[in-house]
Amino acid sequence: MDQIFTIVIIIANILTVFLAARGSRWTWIFGVVTGLILCYNFFTGSLYLSFAFQVYSTVAAVVGVFSWKKKTEDNKRSICWGNPVWPLLVVIALTASVYFLDAKVLHSNLPMIDCLIPSLQAVATFLMVKKDINAWMMYLICDCIYIPLGIISHDYKWLFISACFLATATYGTISFIKAWKKMRSQRCERGDDEYSA
């Protein structure tokens, strides 16, 4: 039963990333449901760091439900590409904070990696709510960390899952960049001040 539940959650998470790539508001509805389920599981399992991250993700998903438009085309027309420097600085600050505060709790052979990945995911979630392309860069970094870890640990099931996430995140990156370029081109044609220079 636990294995079936894990498979369902993984499929739901992959579907959530795919829906985000499509610019669908349903990504956040799936995010709320899976977030609440994972919040309960992590809390009852005394995994409080993971629980805290899921609470944040669930709150962000609720914000996404109300901030994203119902039509995917409307969401694609509001895609932005901000400066990547501040998100990376936030990731570094979060990683360092979590590492120094909770390194003794993690009981991990790679505590820095275990702090870096949720920090990347937390910032990526925030950026995704804003429809910022940099969110996909964060997800790609996470996937590129997960895949070598799967190879080193000989966990080929996790390696396959990570490859699915990498493929979906790559699709999302390409989709968002295409939509952003199309939007930019259309604004240039209209002579908007921001793009006509």
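The figures that follow rest on heavy atoms only: side chains count, while hydrogens, waters and symmetry mates do not. Fair warning: this is a prediction, and the values are worked out from it, not measured in the lab.
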I need the [X] [atom1] to [Y] [atom2] distance, nearest 0.5 Å.
X      : Y      : atom1 : atom2 : result
Asn134 : Leu127 : CG    : CG    : 6.0 Å
Leu149 : Ile113 : CG    : CD1   : 6.0 Å
Leu166 : Tyr139 : CG    : OH    : 14.5 Å
Lys76  : Phe176 : NZ    : CZ    : 8.5 Å
Ile11  : Thr34  : CD1   : OG1   : 13.0 Å
Ile14  : Leu19  : CD1   : CG    : 12.0 Å

Same apolar cluster: [X] and [Y], side chain cutoff 4.5 Å:
X      : Y      : result
Val63  : Leu36  : yes
Met138 : Trp86  : yes
Met128 : Ile174 : no
Phe66  : Ile29  : yes

Of all the heavy-atom pairs spanning [X] and [Y], show the shortest one and how long it is.
X     : Y      : answer
Ala60 : Val129 : O-CG2, 3.6 Å
Lys69 : Asn75  : N-OD1, 2.8 Å
Arg25 : Lys70  : NH1-CG, 3.1 Å
Val17 : Ala169 : CG1-N, 4.3 Å
Trp81 : Asp132 : CA-OD1, 3.8 Å
Ala20 : Trp68  : O-CH2, 4.2 Å

For a side chain to side chain contact (heavy atoms under 4.5 Å, CB included) with Phe51, tell me which candidate from Tyr56, Phe42, Tyr40 qualifies. Phe42

Side chain to side chain, [X] and [Y], heavy atoms closer than 4.5 Å:
X      : Y      : result
Pro87  : Val123 : yes
Ile133 : Cys80  : no
Phe160 : Lys157 : no
Ile117 : Tyr146 : yes
Leu116 : Leu94  : no
Pro84  : Met137 : no

May I have the step-by-step check of side-chain contact (heavy atoms from CB on, under 4.5 Å) for Arg22 and Ser175, ending in yes or no? CA-CA 7 Å; Arg22 299 284 294 174; Ser175 298; over 6 Å; no

Starting from Ile152 and following side-chain heavy-atom contacts under 4.5 Å between hydrophobic residues (I, L, V, M, F, W, Y), which residues can be reached? none

Tell me if the [atom1] atom of [X] is crowded by more than 12 foreign heavy atoms within 6.0 Å.
X      : atom1 : value
Trp26  : CH2   : no
Phe165 : CZ    : yes
Tyr171 : OH    : yes

Whether Thr27 side chain and Thr16 backbone form a donor-acceptor pair below 3.5 Å: yes

Ser185 side chain to Lys181 main-chain N or O, any donor-acceptor pair under 3.5 Å? no

Kindly determine whether Trp28 and Val62 satisfy side-chain contact (heavy atoms from CB on, under 4.5 Å), including the steps that lead there. CA-CA 7 Å; Trp28 301 114; Val62 171; over 6 Å; no

Check against side-chain contact (heavy atoms from CB on, under 4.5 Å), Cys115 and Thr95: CA-CA 5 Å; Cys115 295; Thr95 301; 4.0 Å; yes

Please name all residues satisfying side chain to side chain donor-acceptor pair (under 3.5 Å) with Ser24, sequence neighbours left out, ordered by chain then number.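 In terms of side chain to side chain donor-acceptor pair (under 3.5 Å), with neighbours along the sequence ignored, Ser24 is linked to no residue.
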
